[in-house]
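Worksheet: one structure, shown below.
Values reported hereafter were calculated over all heavy atoms of this structure, with side chains retained and with hydrogens, waters and symmetry mates removed.
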Amino acid sequence: MATTTAQPVITPQMRAEIEAFFPRYPTRQAVTLPALHIINEHLRCVPDGAIPELAQMLELSPAQVYDTLTFYQFFKSKPCGKVRAWVCRSISCSLRGGEEVLEALAEKLGVAPGETTSDGKVTLEFGECLGLCDFAPAMLANEAVYKNMTVEQAGAVATQLKQQADGR
């Protein structure tokens, strides 16, 4: 009877990037969040298989890593689009049409909030607060900030998001 061993989720490159944080933090547990970001950056998610591997690297229990992972809504266990777009739905953004902007973008992209386009390019989500109340309604797409959004801009912005995913 042959046994198969699963391929590691954390690559040598990810491992090196995570280990580079060790001298910068007082404990390995303190590296948990930066390590999750590194894994997410490389894989566009944090797969379940990464949890025990990271726990071993950080000398923690898998439950400790899982607690940090699930505290933040940012991390997903399945790959997200190349561009993750968050439309703010805080009170400021909602009062200025944020919900309508989210609906218009969802319609233009052909997804519901929380879903990824069929081509894997864009994941559209709502954000509880992006800290951009002066520019409400606002959206964050990877590192790009969109200010004073309107429903009328939804088509053009949806096109920009797909182009951003293509690296243009």
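- Placement of V145 and V87 in two distinct hydrophobic clusters is found when ILVMFWY residues are connected by side-chain heavy-atom separations under 4.5 Å, directly or transitively.
- Interatomic distance, S77 OG to L43 CG, rounded to the nearest 0.5 Å: 12.0 Å.
- For the pair V157/M149, a side-chain contact is recorded, criterion being any heavy-atom separation below 4.5 Å from C-beta on.
- Nearest heavy-atom pair across C80 and T116 is CA-OG1, 4.2 Å.
- Nearest heavy-atom pair across P23 and E19 is CD-O, 3.6 Å.
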N/O donor to acceptor pairs below 3.5 angstrom from side-chain atoms of residues 91-108, sequence neighbours left out:
| residue | atom | partner | partner atom | Å |
| --- | --- | --- | --- | --- |
| S94 | OG | R89 | O | 3.1 |
| S94 | OG | S90 | O | 3.1 |
| R96 | NH1 | A136 | O | 2.7 |

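- Grouping the Ile, Leu, Val, Met, Phe, Trp and Tyr side chains by contacts below 4.5 angstrom, directly or via other members, places L161 apart from L140.
- Within the model, atoms CD of Q163 and OG1 of T159 stand 6.5 Å from one another, a figure rounded to the nearest 0.5 Å.
- Hydrophobic clustering places M14 together with L60 (ILVMFWY residues linked when any side-chain heavy atoms are closer than 4.5 Å, directly or through intermediates).
- Counted by atom type alone, Q160 and Q164 present zero donor-acceptor pairs between their side chains at under 3.5 Å.
- Here side chain to side chain donor-acceptor pair (under 3.5 Å) pairs that include residues 78-88, with residues two or more places apart or in two chains, are R84-E125.
- Note that CG of L124 is 9.5 Å distant from OG1 of T117, once rounded to the nearest 0.5 Å.
- Between D119 and K162, at least one side-chain nitrogen of the basic residue sits less than 4.0 Å from a carboxylate oxygen of the acidic one, meeting the salt-bridge criterion.
- The minimum heavy-atom distance linking M57 with I18 is given by the pair CE-CG2, 3.5 Å.
- Taking all atoms of both residues into account, the shortest heavy-atom contact from P47 to V9 is CG-CG1, 3.8 Å.
- Legend: side chain to side chain donor-acceptor pair (under 3.5 Å) pairs involving residues 22-36, not counting sequence neighbours, sorted by first then second residue: R28-E59.
- Applying the side chain to side chain donor-acceptor pair (under 3.5 Å) definition to pairs two or more places apart or across chains, none involves residues 43-55.
- Here the closest heavy-atom approach between residue G49 and residue P52 is recorded as O-CD, 3.5 Å.
- Side chain of T123 to backbone of G81: a donor-acceptor contact under 3.5 angstrom is found.
- Separating the CG atom in N40 from the NE2 atom in H42 is a distance of 10.5 Å, to the nearest 0.5 Å.
- Scanning for ring pair (Phe, Tyr, Trp, His ring centres under 6.0 Å) contacts around H37 gives F74, F75, with sequence neighbours left out.
- Residue pairs satisfying the ring-ring contact (aromatic ring centres under 6.0 Å, His included) criterion with at least one member in residues 120-164, sequence neighbours excluded, are absent.
- Closest heavy-atom contact between I10 and A50: CD1-O, 4.0 Å.
- In this structure, T68 contributes its side chain and L33 its backbone to no donor-acceptor pair below 3.5 Å.
- One distance of note links CD1 of I51 with CG of L54; it measures 9.0 Å at 0.5 Å rounding.
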